[in-house]
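The chain is numbered in sequence order, starting from 1. Read the numbers this way: they start at 1 and go in the same order the structure lists the ligands and their atoms. Heavy-atom basis, side chains included; hydrogens, waters and symmetry copies ignored.
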Amino acid sequence: MGAQIIRGTDLRETILEEVAAETVKLKETHGRPPGLVTILVGENPASLSYVSLKIQTAHRVGFKEVQENLPADVSESELLALIASYNQDETIDGILVQLPLPGHMDESRVIHAIDPAKDVDAFHPVNVGRLMLEGSRAPFLPCTPAGIQEMLVRAGVPVAGAEVVVVGRSNIVGKPIANLLLQKGRAANATVTVAHTGTRDLASHCRRADILIVAAGVPNLVKPEWIKPGACVIDVGVNRVGERISEKTGKSVAILRGDVDYDAALGVAGWITPVPGGVGPMTIAMLMRNTLKAMQLRVAAEAGTADRL
Ligand code: GUN
C-alpha cells in the first residue's frame, strides 16, 4: 500500500478559516485587526517569494499587513531603528525579519531587538527559552515546528513513545522541533535523536525512525532504503533545482525538490509530506496563528486578564 500523503495545503485552509473567524471577532470587540509587519533586507529571490506569500496570506485572513523591503546595503542601526519603531506601534502585533540577513549584520543582535511579545517567529531568546521550559504551553511556538506537530496530530500519526529522528540542527527547524516533540504533552513525549553533518552513518539512524523529519537542505538526500517501512516522513527541504515556465502566467518559476527522494519513498513510508505543498504552507498558517495570538495576549494584558510576555 502506498503512503498516505499529508498535504499542508489542505490543513492550511482549515487553520486560516479559524484565524479569519477570530479576526472578525477581534475587529468587532477591539476595533482593529491583528497587524503584521514583514521586514526583508535585500532581494534574495527565495526570501522575496516567502515574504510575499506571508503578506498575501495576512491580507487574506483580514490582518493589517505592512511590507518593509530594505536595500541590501542598509545599515544595521537603521534596521534596529525600524524594529524599535514597530515595537512601539500599537497597531502592529507581529514583527517578522526574514532570514538570512546580509553578512554585514549580526542576526542575533537583530533578533534580540524585537519585543518578545511581538516575536511571532519565536526566534527571540525569551521565546526559545520558553519553548525549552514550557513546551507547547509557551505563548509562541516557532512556525515550522508547530506546523509539523499540527500535521502529525491531524494525520493521526502516533507520537508518544515514538522514535523520532531529526536530520538537521538549525535554530529554525532542527533544534526547536526536537525540543517540542521531546516535551511531556499532547503529540509529543517522543524519543528524539538529532542527526547532523557530523553524524556517522546517517542512514542507520534514519532507518530506526518511526517519524523521520528531514531539514538538511540537500535535495534527494534520503533514499527509500533509509526509511523504515510504514514510517512517517516529514520533508522540510525546499531546494531550488532549476527553473521552468509556468503554463498559467508564462513567467519563469523555480522547480522545487525536497530532501527526500519522494517518488521512491512513496512505496515505503506510511505517511509522507510532498514538496511543494507539505510543510511550507503550514509554516505560513502558523505565522498567522501566532500573530492572532499576539494580539489576543496583548488585549488580554491591557484588560488585566493576562500577563504580558
Ligand atoms: N527564513 C527561513 N525560514 C524563516 C522563517 O520561518 N522565518 C523567518 N523570519 N525567516 C526565515
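Of the possible polar contacts, one joining the Arg207 side chain to the Glu225 backbone as a donor-acceptor pair under 3.5 Å is found. Of the possible donor and acceptor atoms, one in the side chain of Glu107 sits under 3.5 Å from a partner among the backbone N and O of Leu101. Panel note: side chain Gln183, backbone Ala188; no donor-acceptor pair is recorded below 3.5 Å. Looking only at distances, no side-chain donor or acceptor of Asn189 sits under 3.5 Å from a matching main-chain atom of Lys184. Checked by atom type and distance alone, the side chain of Asn127 pairs as donor or acceptor with a backbone atom of Pro116 at under 3.5 Å.
Not a single heavy atom of Tyr50 sits closer than 4.0 Å to an atom of ligand 1. Residue contact check for ligand 1: Thr144 places no non-hydrogen atom closer than 4.0 Å to it.
Checked against a 3.5 angstrom limit, the closest N/O atoms of Leu99 and ligand 1 fall inside it.
When each atom of ligand 1 is checked for a heavy atom of Leu96 under 4.0 Å away, the hits are 9 (N). Interface of Val97 with ligand 1, defined as ligand atoms under 4.0 Å from a residue heavy atom, comprises 8 (C), 9 (N). Short contacts between ligand 1 and Phe123, defined as distances under 4.0 Å to a heavy atom of the residue, involve ligand atoms 5 (C), 7 (N), 8 (C), 9 (N).
By heavy-atom distance, the residue among Asp121, Val51, Thr283 lying nearest atom 7 (N) of ligand 1 is Asp121.
Annotation: atom 11 (C) of ligand 1 to nearest protein heavy atom, Gln98 NE2, 3.4 Å. Regarding atom 3 (N) of ligand 1, its nearest protein heavy-atom neighbour is Ile172 CD1, 4.0 Å.
For Thr91, the side-chain hydrogen bond (donor to acceptor under 3.5 Å, both in side chains) test picks out Lys64, Asp89, with sequence neighbours left out.
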Evaluation steps, salt bridge (charged side-chain N to carboxylate O under 4.0 Å, His left out), between Lys25 and Glu22: CA-CA 5 Å; Lys25 282 194 212 157; Glu22 289 299 315; 3.0 Å; yes
